[in-house]
Amino acid sequence: MYTEKVMDHFSNPRNVGEIDNADGVGEVGNASCGDIMKIFLKVEDNVIKDIKFKTFGCGAAIATSSMVTEMALGKTIDEALELTNAAVAEALDGLPAQKMHCSNLAADALHEAIKNYKETHGA
Amino acid sequence: MKRIYLDNNATTQVRPEVLDAMLPFFREQFGNPSSVHWAGRAVAGAVEKGREQVAKLLNCSPAEVVFVSCGSEGDNFAIKGTVEALRDKGNHIITTKVEHPAVLNTCQALEKQGCRITYLGVDADGMIDLKELEAAITDQTILISVMWGNNETGTLFPIEEIGAIARKYKVRFHTDAVQAVGKVPVDVQKANVDLLVLSGHKIGAPKGVGAIYIRRGTKMTPLLHGGHQERNRRAGTHNVAGIVGLGVACDLAGAQLEECAAKMKRLRDKLEQGIREQVPEIKVNGHPTLRLPNTLNVSFAYIEGESLLLNLDMKGIAASSGSACTSGSLEPSHVMGAMCVDVLLAHSSTRFSLGPETTEEDIDFVLQELPAIIERLRQMSPLYNR
Amino acid sequence: MKRIYLDNNATTQVRPEVLDAMLPFFREQFGNPSSVHWAGRAVAGAVEKGREQVAKLLNCSPAEVVFVSCGSEGDNFAIKGTVEALRDKGNHIITTKVEHPAVLNTCQALEKQGCRITYLGVDADGMIDLKELEAAITDQTILISVMWGNNETGTLFPIEEIGAIARKYKVRFHTDAVQAVGKVPVDVQKANVDLLVLSGHKIGAPKGVGAIYIRRGTKMTPLLHGGHQERNRRAGTHNVAGIVGLGVACDLAGAQLEECAAKMKRLRDKLEQGIREQVPEIKVNGHPTLRLPNTLNVSFAYIEGESLLLNLDMKGIAASSGSACTSGSLEPSHVMGAMCVDVLLAHSSTRFSLGPETTEEDIDFVLQELPAIIERLRQMSPLYNR
Ligand SMILES: Cc1ncc(COP(=O)(O)O)c(C=O)c1O
Ligand SMILES: Cc1ncc(COP(=O)(O)O)c(C=O)c1O
Ligand code: FES
Ligand code: FES
């Protein structure tokens, strides 16, 4: 069902955890589907210096969370805002059709975290 | 890698005796039982023997057994065949919110055709209320359809009592016994059922064969029209090998019922007890005592079912989940929903279903691996605060 | 005793390659393909491979193939699923008088529910008239259902032409290709069909599995409601071993089609020729040229089919008959009736249907035994005067 890349990110998720005093926090969730995703950012000079996630969700949800953190790390926030759901799914070599809404969540959570950063830091 | 199969409610391995019995019917005895020549005669007896074996397990007459292709076909036939045959009598069906989709989606399809369906709710243990059932009966009621044992939680319904109520009001009674057969005693006479469905692959027979008990005198419109097979009740060339396998599986199920149920129950209880002791914040779903002996459904707070399944799978442990994300639908299990299990707990509900082959070592291994997996997933969860 | 099987239109032996491919899926790979764990994953691919093999034989996309339990289920699904899905569009179906009961009895059941059915007649060769078909189409017509090859006589219908007419009038076209698949080239694109049904046990796969081609975009109401299998088009746990077997059988059928058809045709023609030469007062039923390469249907004047079958059987020869007495009904074959075969000849109609395993010696043996049997039965007949 899942690609090797998905299973790799699922079984060895990158950047799991929380950041104390994060510059931006984004949470998206859909209790009925059961995905809740939280992303924490540390930003310096508009660059994402650290990023962590916590996710309640299926294999795809965890893998997309992990992948999005890897993709966003080191990018400027404007670059990170360009990251799309499709790009995350593609980076994982694709997701099963019925799971595509999970990949939406990962990019959404990142965008929420950046939005939160901009609001709180007036950027 | 060790492989531990705790998903016997999804499907079972074909038992060796069953496969052995089936093998001659693919090449040597390949005839069509409806044929009059040697090739047909050689297999017609085998089909009738299978029918007798099924009948014996259910305590009915062989003429009351009709072979079908699976549990889903049986349920569709039971319900749609009743609706068609009893059109003049009424259009109301009483069922429960926790039936298998083969019943629920059939009822929903019939609603669009003008049937009225009462879906009985269940309490926190997944149990229906017989008073509510009785009160729902009207003079338009043509069918009560209540499963014998629930596939997700294992909760066993009071089939004899329901049968007595159905009898009292002269309403036809169908039970989906796909999960019950082979795990608890199933006697259609005692239970007063008119229609009962079972599926081969849940009891060590192959996939692609099942049976429906149709009480003598129960008027049914066929679901499959065509040839004269099964005394005009189910058209289609007989799945001879499958029927032979189903017969042997029923024989084995009958002979080993008590012993096998006791063994599964002991191991299931050990698993439940072990999880309770080692993992905090869990919830066992289903009725505490009126439960299939092989089924344990547990919710692990803060984690999602599919990711648990995948982690178990990486250790070679096969289980199943009521999580929406597993099934590809958007809603978590309708059974958990009906029991009013908190939606997040519903997403984490995980089913371990044992089989006759399950060993003590299997259970020990699960108890050894599970706690660390749960802890790791909880550490990843935004809902868990430690 | 020698055993000669000339009843391949009734059912076939499972081919050795097919059985070999199936065997691992009973015990080692027994999972439910809908499960996410190792046991499920191991078999999900096998089901999809089977789907690709079927699709390749039919020249369609795998997503257009839905697995069912037999030809009868496929035909019931094709017709009832269309009637339900197109209720708003109309209620008229055009079919023929010579369809298999899986189609005919389904249509008759639908008549009781208010459908209007046109049953096209056939000429003495068992052939329909395309002009009559075209003239029968009204703005209420939702389905044309014409079989590809007739099971009793082997007559092949002009499927491409019917497909073109259906296309012209934008009417959905179903063909029961249970007898045609594996014997003649079947290409759903060329034939312009929307729904096509095949059955495993007619092509060397086991009993209990079949498939229906559903052209992309063809709205269908499921016949079996329930789980999400087959993208909600057919509920019920997959018959994995059966599907694997069907896939391999389709592969073999595709690879050997020409060679096998040519061989069967040569032997069938030899049998026909031999009977014509040795037995007076016979009539070959069906179209002289547009006929399945394996099928020979002969009426032997003055004798009754079942007694001929039993006599052949005593010599180890398995054939079949359109005689009423064989089927247990009171009417002789509806196919012979529609062809206006004299009722006594209809009672004596006997079908020899060859298979890929049929040998020259088999045919020689039949030609050696048959004339004496016929003569003996004729001597016994009050209708025969010599
Ligand atoms: C033309 C035709 N259609 C349908 C069927 C039914 O197939 P099955 O026996 O697999 O249900 C048969 C065979 O009996 C047949 O010959
Ligand atoms: C309670 C219940 N009913 C019906 C079914 C359907 O059986 P099958 O998969 O054989 O169609 C199942 C199994 O999936 C079940 O657990
Ligand atoms: S968490 Fe819902 S589909 Fe993945
Ligand atoms: S001749 Fe015997 S049943 Fe017709």
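Per chain, numbering begins at 1; letters A, B, ... match sequence-line order. Computed from a predicted model, the values in this text were never measured in an experiment.
- With a 4.5 angstrom heavy-atom cutoff, I4(B) touches chain C only via backbone atoms.
- Defined by atom type and a distance below 3.5 Å, a donor-acceptor pair is missing between the side-chain atoms of H225(C) and D75(B).
- In this structure, Y119(B) and L104(B) have side chains that are in contact, with non-hydrogen atoms separated by less than 4.5 Å.
- A distance-only check finds no donor-acceptor pair linking the side chain of E84(B) to the backbone of M220(B) [under 3.5 Å].
- Heavy-atom pairs under 4.5 Å with chain B were tallied for C107(C), A241(C), G226(C); the largest tally goes to G226(C).
- Contact count versus chain B (heavy atoms, under 4.5 Å) is highest, among R87(C), Q229(C), R3(C), M1(C), for R3(C).
- The choice from L223(C), V240(C), I79(C) that makes the most heavy-atom pairs within less than 4.5 Å of chain B is L223(C).
- The candidate from G245(B), P206(B), G31(B) with the greatest count of non-hydrogen atom pairs under 4.5 Å with chain C is G31(B).
- Using a 4.0 Å cut-off between charged nitrogen and carboxylate oxygen, K2(C) and D362(C) do not count as a salt-bridge pair.
- By number of non-hydrogen pairs under 4.5 angstrom with chain B, the leading residue of E99(C), R41(C), K112(C) is R41(C).
- With T82(B) contributing its side chain and A78(B) its backbone, the two residues share a donor-acceptor pair below 3.5 Å.
- Between chain C and the options A319(B), A318(B), G71(B), the largest number of non-hydrogen pairs under 4.5 Å is found for A318(B).
- The main-chain N or O of S348(C) is never found under 3.5 Å from a side-chain atom of E304(C) such that the two would form a donor-acceptor pair.
- With a 4.5 angstrom heavy-atom cutoff, S35(C) touches chain B only via side-chain atoms.
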Considering only distance and modelled atom types, tabulate donor-acceptor pairs under 3.5 Å from the side chains of residues 15-23 of chain B, sequence neighbours left out.
unit_1 : atom_1 : unit_2  : atom_2 : d
R15(B) : NH1    : Q256(B) : OE1    : 3.3
R15(B) : NH2    : Q256(B) : OE1    : 2.8

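- With a 4.5 Å cut-off on non-hydrogen atoms, Q113(C) touches chain B through its side chain but not through its backbone.
- Interface remark: A39(B) contributes side-chain atoms only to the contact with chain C (heavy atom separation under 4.5 Å).
- Figure legend: cation-pi geometry between K315(B) and F365(B) absent, as NZ or CZ is not positioned both under 6.0 Å from the six-membered ring centre and within 45° of its axis.
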Start with the C-alpha gap between N76(B) and T106(B), add the side-chain angles, then the distance that decides, and say whether side-chain hydrogen bond (donor to acceptor under 3.5 Å, both in side chains) holds.
-> CA-CA 6 Å; N76(B) 274 261; T106(B) 299; 3.2 Å; yes
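- Most heavy-atom pairs under 4.5 Å with chain B: of the set T12(C), L310(C), V103(C), this distinction falls to T12(C).
- Heavy-atom distances place both the backbone and the side chain of N32(B) under 4.5 Å from chain C.
- Highest contact tally toward chain B, considering only H100(C), Q108(C), H238(C), is held by H238(C) [criterion: heavy-atom pairs under 4.5 Å].
- Here D313(B) is the residue among N105(B), D313(B), T11(B), N239(B) with the most heavy-atom pairs under 4.5 Å with chain C.
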